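For reference, the structure is listed below as structure tokens.
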Amino acid sequence: MAESGASPLPAIPPPATVRTPGTPGTPGTPDSRSPLARAEHFVWLTARVLEQRLFAYHFRGGDPGPVETALEAYRNEDGGYGHALEPDLRGPVSQPLHTACALHVLDAVGRCGGQRAERVCRYLTSVSTPDGALPVTRASRNGYPAAPYVPVVADPPGALLVTGPVVGLLHRNEVWHAWLFRATDFCWQAAESLVSPHPYEVEAALAFLDAAPDRPRAQAASDRLGRLVREQCLAVLDPDDLDGCPAPPGHAPGERHFPHDYAKDPRSLARAWFTDDEMARSLDFLAAGQEGDGGWPVRRRRWAPVPALEARGRVTLDALCTLGAYGRPLG
């Protein structure tokens with residue numbers, strides 16, 4: 001793993017929380033018009049227990065313990081996570097994609113370390129490809145349902161889509177494990193060699209670069225990625241002209257990326273890719289996307305009713321956290 005000797009920048013913490021007074025988890029009044037109260041009504045009406053606990057933690061002063069308890073229901077004896085933690089991948093078996101989601105939750109509540117991280121790293125070691133990376137999924141004998149855009153193959157290759165976010169989260173939490181060395185090298189090579197990237201690959205590369213220990217190298221890689229994003233129209237810079245940046249082939253009609261999808265936090269390297277005006281328009285568009293029931297929509301293609309509903313809880317939390325990180329009023 002290459003090192004420059006430079007000290008890492010302060011790690012980007014989980015999205016800013018809005019701690020409001022009151023009993024944790026108390027739903028907002030139905031007649032309230034604030035975005036936060038409308039979202040809270042949606043979460044308590046439709047979301048999974050995990051997202052309800054996360055909402056209480058982020059926005060109602062809740063404790064991290066109940067979040068971790070809710071997450072524990074998805075953990076398997078092999079140290080990985082399953083049971084449709086990622087709603088687009090059904091079934092009980094542990095999968096790298098589910099485990100990446102679990103680490104994101106633990107990071108959000110400051111519990112991504114110690115024995116938890118050691119247990120997860122042992123699982124990651126057991127499912128890594130020969131190049132030290134993680135596949136998105138591993139085929140199971142039972143053939144559990146999965147979204148058509150989630151690859152489930154017998155001998156899957158390592159993928160930046162999962163490896164980048166996992167390695168970034170572990171670095172950000174100062175977790176050191178033998179598995180990380182080769183996985184970090186894989187992420188550097190993958191991030192620095194992207195030529196015609198998929199928007200989700202760019203997101204995964206950023207998740208790694210925002211926490212990579214070699215800050216000058218991460219800055220250079222981010223600058224190159226930012227140029228690709230603008231040159232290849234991988235972000236809608238003017239929400240009033242959606243036709244000017246069509247969705248990539250194979251995506252749902254509304255499955256476009258915006259500046260806020262890359263720069264989820266103003267401290268992300270991706271924030272420098274966009275002007276203040278472009279970022280403001282993107283956040284305006286995000287805020288305006290809240291639907292009548294209080295939740296935000298899932299932009300990916302709908303393939304089954306329950307996964308779509310379960311995903312909306314997470315998407316709603318992500319939208320609130322991004323708006324909160326930029327100081328947008330929520331309620």
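Not measured: the values here are computed from a predicted model.
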Check for a donor-acceptor pair, side chain of [X] on one end and backbone N or O of [Y] on the other, with a separation under 3.5 Å.
{"X": "Thr46", "Y": "Val43", "answer": "no"}
{"X": "Thr163", "Y": "Leu134", "answer": "yes"}
{"X": "Arg256", "Y": "Ala235", "answer": "no"}
{"X": "Asp107", "Y": "Leu103", "answer": "no"}
{"X": "Arg224", "Y": "Glu192", "answer": "yes"}
{"X": "Arg312", "Y": "Val298", "answer": "no"}
{"X": "Asp261", "Y": "Phe258", "answer": "yes"}
{"X": "Thr125", "Y": "Cys121", "answer": "yes"}
{"X": "Gln290", "Y": "Pro35", "answer": "yes"}
{"X": "Asp238", "Y": "Asp240", "answer": "yes"}

Do [X] and [Y] pair up side chain to side chain, a donor and an acceptor below 3.5 Å, judged on atom types alone?
{"X": "His171", "Y": "Thr184", "answer": "yes"}
{"X": "His260", "Y": "Ser282", "answer": "yes"}
{"X": "Asp277", "Y": "Thr275", "answer": "no"}
{"X": "Asn76", "Y": "His83", "answer": "yes"}
{"X": "Asp223", "Y": "Gln219", "answer": "yes"}

Are any of the side-chain heavy atoms of [X] and [Y] separated by less than 4.5 Å?
{"X": "Leu50", "Y": "Val67", "answer": "yes"}
{"X": "Glu310", "Y": "Glu51", "answer": "no"}
{"X": "Trp296", "Y": "Asp318", "answer": "no"}
{"X": "Thr129", "Y": "Pro135", "answer": "yes"}
{"X": "Glu201", "Y": "Leu161", "answer": "yes"}
{"X": "Leu206", "Y": "Trp273", "answer": "yes"}
{"X": "Glu86", "Y": "Gln95", "answer": "no"}
{"X": "Leu330", "Y": "Phe59", "answer": "yes"}

Do you reckon [X] sits in the same ILVMFWY cluster as [Y], going by side-chain contacts under 4.5 Å, direct or chained?
{"X": "Leu97", "Y": "Val93", "result": "no"}
{"X": "Leu286", "Y": "Leu320", "result": "yes"}
{"X": "Leu194", "Y": "Val166", "result": "yes"}
{"X": "Val315", "Y": "Leu283", "result": "yes"}
{"X": "Leu180", "Y": "Leu160", "result": "yes"}

Determine the minimum heavy-atom distance between [X] and [Y], stating which atoms define it.
{"X": "Tyr123", "Y": "Gly79", "result": "CB-C, 3.8 Å"}
{"X": "Ala191", "Y": "Ala205", "result": "CB-CB, 4.1 Å"}
{"X": "Arg299", "Y": "Gly254", "result": "CD-O, 3.1 Å"}
{"X": "Ala247", "Y": "Ala252", "result": "CB-O, 3.5 Å"}

[X] with [Y]: basic N within carboxylate O range, under 4.0 Å:
{"X": "Arg53", "Y": "Glu68", "result": "no"}
{"X": "Glu291", "Y": "Arg38", "result": "no"}
{"X": "Arg116", "Y": "Glu72", "result": "no"}
{"X": "Arg60", "Y": "Glu40", "result": "yes"}
{"X": "Asp88", "Y": "Arg301", "result": "no"}
{"X": "Asp210", "Y": "Arg172", "result": "no"}

_Any residue meeting salt bridge (Lys or Arg N to Asp or Glu O under 4.0 Å) with Arg328, in chain and number order, not counting sequence neighbours_ =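 For Arg328, the residues satisfying salt bridge (Lys or Arg N to Asp or Glu O under 4.0 Å) (neighbours in sequence not counted) are Asp284.
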*According to the interplanar angle, ranging from 0 to 90°, do the rings of His198 and Tyr200 count as parallel (below 30°), tilted (30 to 60°) or perpendicular (above 60°)?*
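His198 vs Tyr200 ring planes: parallel.
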_Check against salt bridge (charged side-chain N to carboxylate O under 4.0 Å, His left out), Asp155 and Arg138_ = CA-CA 8 Å; Asp155 188 21; Arg138 291 168 57 85; over 6 Å; no
*Return yes when atom CD of Glu174 has more than 12 non-hydrogen atoms of other residues, nucleotides or ligands closer than 6.0 Å, and no otherwise.*
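Check fails, neighbour count at 12 or below.
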*Please assess Tyr81 against Leu71 for the test side-chain contact (heavy atoms from CB on, under 4.5 Å), listing each intermediate value before the final yes or no.*
CA-CA 9 Å; Tyr81 290 78; Leu71 180 64; 3.9 Å; yes
*Are His257 and Tyr262 close enough that their ring centers fall under 6.0 Å?*
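Ring-ring flag for His257/Tyr262: true, centres closer than 6.0 Å.
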*Before giving the answer on side-chain contact (heavy atoms from CB on, under 4.5 Å), spell out for Val120 and Trp179 the whole-Å C-alpha distance, their side-chain angles and the decisive distance to 0.1 Å.*
CA-CA 11 Å; Val120 169; Trp179 174 79; over 6 Å; no
*How far apart are the C-alpha atoms of Val105 and Arg111, what are their side-chain angles, what is the distance that settles it, and do they pass the side-chain contact (heavy atoms from CB on, under 4.5 Å) test?*
CA-CA 8 Å; Val105 171; Arg111 296 289 180 91; over 6 Å; no
_Working to the nearest 0.5 angstrom, can you tell me the gap between Leu36 CG and Arg33 CZ?_
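Interatomic distance, Leu36 CG to Arg33 CZ, rounded to 0.5 Å: 14.0 Å.
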*Give the C-alpha distance, both sets of side-chain angles, the deciding distance and a yes or no for salt bridge (charged side-chain N to carboxylate O under 4.0 Å, His left out) between Glu77 and Arg119.*
CA-CA 10 Å; Glu77 293 181 358; Arg119 186 171 58 223; over 6 Å; no
*For Thr99 and His104, run side-chain contact (heavy atoms from CB on, under 4.5 Å): C-alpha distance rounded to whole Å, both residues' side-chain angles, the deciding distance at 0.1 Å, then the answer.*
CA-CA 9 Å; Thr99 305; His104 181 76; over 6 Å; no
*asked:* Check for me whether Arg217 meets the cation-pi criterion with Trp188, that is, NZ or CZ under 6.0 Å from the six-membered ring centre and within 45 degrees of the ring axis.
replied: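 Judged by the rule, Arg217 and Trp188 form a cation-pi pair.
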*side chain to side chain contact (heavy atoms under 4.5 Å, CB included) partner of Thr137, the single match among Val162, Val153, Val127, Val152*: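 Only one of Val162, Val153, Val127, Val152 forms a side chain to side chain contact (heavy atoms under 4.5 Å, CB included) with Thr137, namely Val152.
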